[in-house]
Every structure is written in structure tokens, then in C-alpha cells.
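These notes are about the structure you will find just below.
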Amino acid sequence: MALRAARSVRITISSLWAAVATETPGSLASLPAAPARIWARLGPDSLPFPTAGASRGLCTSALRLAVRKFTDKHEWISTENGIGTVGISNFAQEALGDVVYCSLPEVGTKLNKQDEFGALESVKAASELYSPLTGEVTEINVALAEDPGLVNKSCYEDGWLIKMTLSNPSELDELMSEDAYERYIKSIED
Amino acid sequence: MGPRVLLVRMGRLPYAEALALQERWLRRLQTAQGPGAEAGALLLGEPAGPVYTAGLRGGLRPDEETRLRALGADVRRTGRGGLATFHGPGQLLAHPVLDLRPLGLRLRTHVAALETCAVGLCRRLGLPDARARPAPYTGVWLDERKICAIGVRCGRHITSHGLALNCCTDLAWFEHIVPCGLEGMGVTSLSEELQRQITVEEAMEPFLEAFEEAFQCTLTLHEENSD
């Protein structure tokens, strides 16, 4: 659901860009008002990236967007100020079913890309989690101890799993963009 | 008909050995480059001695563990889903180490296929009322008595652990724990329900049929020496 909302917002924004470009080239300053209203209507939580506030212009907001990348094991990572936040995708949480337990690593654990860092349990099944990048765990989502269902309800926001440093930021280039990930899901769904 | 799954007959063996064998198959399947000739291996056997196991979440406190060891049982921690359960002689232990992709399964449907398989076995032996129940009662039941426990793990698309079905298990062992963390629920066995001795041996063939049907695969006997 979060993914679908994001798609419609992106299409709206890009058509706004097109409208501005053809009608009044150079008047980008007048653009922000429209997207701000769209974001305000949908609410910041419906978008897969943190918004910089509805009152800011689209240009400055775009620069602050934390890009979300995906792995082929259905984990995502978004980075901001050198810290990566890791979670599982909507596809993964749907495939798992109701998460009843999250087994997460201790803060300070050093992970190599693709190392197993924990597991999520649902319906008598424990699914392993793999680190998207090499780095060190700086924080784990303690809210999941009381409410593991957050992973299902809000896999891109409140259901985040761990935060980690990035020892090798160039590893991000090896991961899939959101579009590439959506194509990947389609290819494995058949 | 359907993908090939190797049948690995473990025979009667200590649970720890079954876990070691499972590890070897897991490693073999996880490191295989590209699709292999088979979709996995079904490890089938019977625990030689009593053992209590806990799952990823735990399920057995340290004081409980001490008490259980004093009874003469082994106690093991595993990475499977589910809480505490018991394994022992008279129980059919099935650990399908499968690559979910060639079998067209997701983890949830794998668990459902395990339930279907156990229900299929019960029906073949004359228990038409055996049924699976939705979470948190995953497993196979006759009324409020559980005949088959299920708990699995999945990593890199490869499953491990599986199900434990009571054929002629000494059910008294279950009295020392809260099986699967479900208070007030009973346990039963094929022998208990059919009021005659049913050994793991007797349940084997119908189980294999039920497995092929539930997983839409073909079982091929794996010869130990051909590793």
C-alpha cells in the first residue's frame, strides 16, 4: 500500500514538472506549492522516504531524500548522514505473515555484506535476515520487542530493524533501486 | 512428476546427529550454484532418545532446562520457529531441507504443505478428523489434542527443521513442558487415537505418499555412499 501511494505521488509530481517546464520555464520557485499540498493530503508516512516538511520547496526536499535501495533477499536500506536504516520490504512482510518475534543483533555487532544478522519469526517459521552492507550496528528497533507486528504494519517506517554505519558506501551501488526491485519482484512472482 | 526431492532415510538416531546431517544438507543446498538436479532432501528418521527443544524465541527457561535434564532428557536450542517441544522414540521426525524456488513455495505455503502432509498421513491411517489449525495453533490436531508439531527455519530460500508426528511416542514426556507454549492443550499419537500400536516404520510409506502429494514432488531414494 505504501508503494502504491508513492507511485501515484511520483507520477503527479513529474507531471507537475512537465507542466511547469512547458508553460513557464525557469519559474521553479512557483512549483513547490502544488507538491506541498499533495504531500500534506497523503501525509508524510505514506511516502517511502522522509519528507523535509510540507512547507519546503521540492528542490531542497529532493536533496534531502534518503534513497532507499533493495537487496534480492527483500531487505531495504536507506541512508542519511552516514547511517543506514535497514528493514524488510512490503513483499517480504506479506510473504512472512504475522511477525511474532524479531531476533536482532546487539549494538556494536560488526557485519559484512550478506552476513546473517537475525531472523523474523511468523507462523512457526523463522526467516533469516541478511545485512545489505558492511558496517557496524548502531541501534536496534527496541519497539519490536513489544510490538513485532510493526514489521507488518509499517515495514518502511516504524517497523525498521537495525541502523548501521557504512564501512564501504560504494556497496550501495550494488543494490537495486526501488524501480529495479519492483521489476525483480514481478519477475519472481510468476 | 514434479521436482525431484532426495529421500534420506536417517533411521533411528540421536537428535543431535539428525541436526548435524541437516547442517550438511543445508550447506550443500545453500552453496549450490544455480539450480541443481534436485529441489532438496527430505530427512526422515526417529529420535533414539528423549530430547526437549526450544525455538528461535526460546521456550525453555534455565530452571526448566535443569529439571528436564534431571529426567534423563537432552535439551537443545534450535533456530526454528515455535516454542518448546519434545522429540523421542516412537516419533516420526521429518526435516525437509528444500529449495523453495523450484517447488514454487513461499515460506507460508511450505508450512501449509507440511500440515497438509501430516493430515494426509492421518487420513491414510484412518483418522479423517485430523485437521490443521490457524496460528497460533499451527500443527495438526484431533479436537484439542495435537498429533503433529511443526517448526521451520528458512535462510537463502532453503528450509530446515520441519515436523514431528507422534506414532507411538510415550506421551508422558510432554507433561513436563507446555508444548508449543499452549496452555491447556493436549497431545496425542496415532497409537493413542487408533487404540493399537503404530510404529514409525508402519507410518513411513503412507507418510511418503502424503509428502509427494502435499509438495507436488517425486521422492528419490538417496544412497549414502553416493555423496
Side-chain angles (χ1 to χ4, degrees), chain A residues 70-75 86 88-106 111-132 140 142 144-153 155 161-162 184-190, chain B residues 26-27 30-31 53-59 77-85 96 98-102 104-115 118 132-140 146 148-164 179-182:
Chain A
F70 292 80
T71 72
D72 63 350
K73 294 186 180 55
H74 310 288
E75 282 107 7
V86 180
I88 62 166
S89 70
N90 188 53
F91 178 86
Q93 71 80 12
E94 274 185 357
L96 271 178
D98 293 336
V99 175
V100 299
Y101 179 71
C102 305
S103 173
L104 299 175
E106 297 201 342
L111 297 169
N112 286 315
K113 179 170 161 148
Q114 292 187 13
D115 273 356
E116 186 213 319
F117 72 83
L120 298 179
E121 186 181 342
S122 63
V123 201
K124 302 280 180 166
S127 273
E128 291 172 12
L129 297 162
Y130 301 95
S131 186
I140 64 172
V142 296
L144 295 178
E146 286 299 306
D147 190 1
L150 282 172
V151 176
N152 300 108
K153 290 185 290 243
C155 57
L161 300 171
I162 62 170
Y184 170 67
I185 298 177
K186 284 200 178 55
S187 73
I188 60 177
E189 287 249 72
D190 312 322
Chain B
L26 202 47
R27 210 147 305 144
Q30 280 177 342
T31 55
T53 64
L56 177 76
R57 261 183 292 168
R77 189 83 193 257
T78 71
R80 59 160 172 79
L83 293 165
T85 195
L98 304 175
D99 186 335
L100 293 179
R101 294 165 296 187
L105 292 169
R106 295 280 156 72
L107 191 53
R108 281 213 282 191
T109 50
H110 171 67
V111 172
L114 284 172
E115 287 176 321
R133 289 173 69 181
Y137 306 104
T138 305
V140 176
K146 192 180 222 179
C148 176
I150 288 172
V152 305
R153 183 176 177 92
C154 185
R156 301 183 206 279
H157 308 280
I158 313 296
T159 65
S160 56
H161 297 274
L163 62 78
C180 311
L182 298 171

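Because the structure is predicted, anything quoted here is derived from the model rather than measured. Proteins come first, then strands; the chains are lettered A, B, ... in the order of their sequence lines, and each starts at number 1.
Of the possible donor and acceptor atoms, one in the side chain of Asn152(A) sits under 3.5 Å from a partner among the backbone N and O of Gly97(A).
Using a 4.5 Å cut-off between heavy atoms, Arg80(B) touches chain A through its backbone atoms (N, CA, C, O) alone. Contacts between Pro134(B) and chain A at a heavy-atom distance below 4.5 Å are absent for every atom of the residue. With a 4.5 angstrom heavy-atom cutoff, Arg156(B) touches chain A via backbone and side-chain atoms both.
Atom CG of Asp98(A) has 12 or fewer heavy atoms from other residues, nucleotides or ligands within 6.0 Å.
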Ignoring hydrogens and angles, write down the donor-acceptor pairs under 3.5 Å from the side chains of residues 112-120 of chain A, residues two or more places apart or on other chains.
from      : atom 1 : to        : atom 2 : distance (Å)
Lys113(A) : NZ     : Glu174(A) : OE1    : 2.6
Asp115(A) : OD2    : Asn112(A) : N      : 2.9
Glu116(A) : OE2    : Arg153(B) : NH2    : 3.0

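Between chain A and the options Thr109(B), Leu56(B), Leu83(B), heavy-atom pairs under 4.5 Å are most frequent for Leu56(B).
With sequence neighbours left out, the ring pair (Phe, Tyr, Trp, His ring centres under 6.0 Å) criterion links Tyr184(A) to His74(A).
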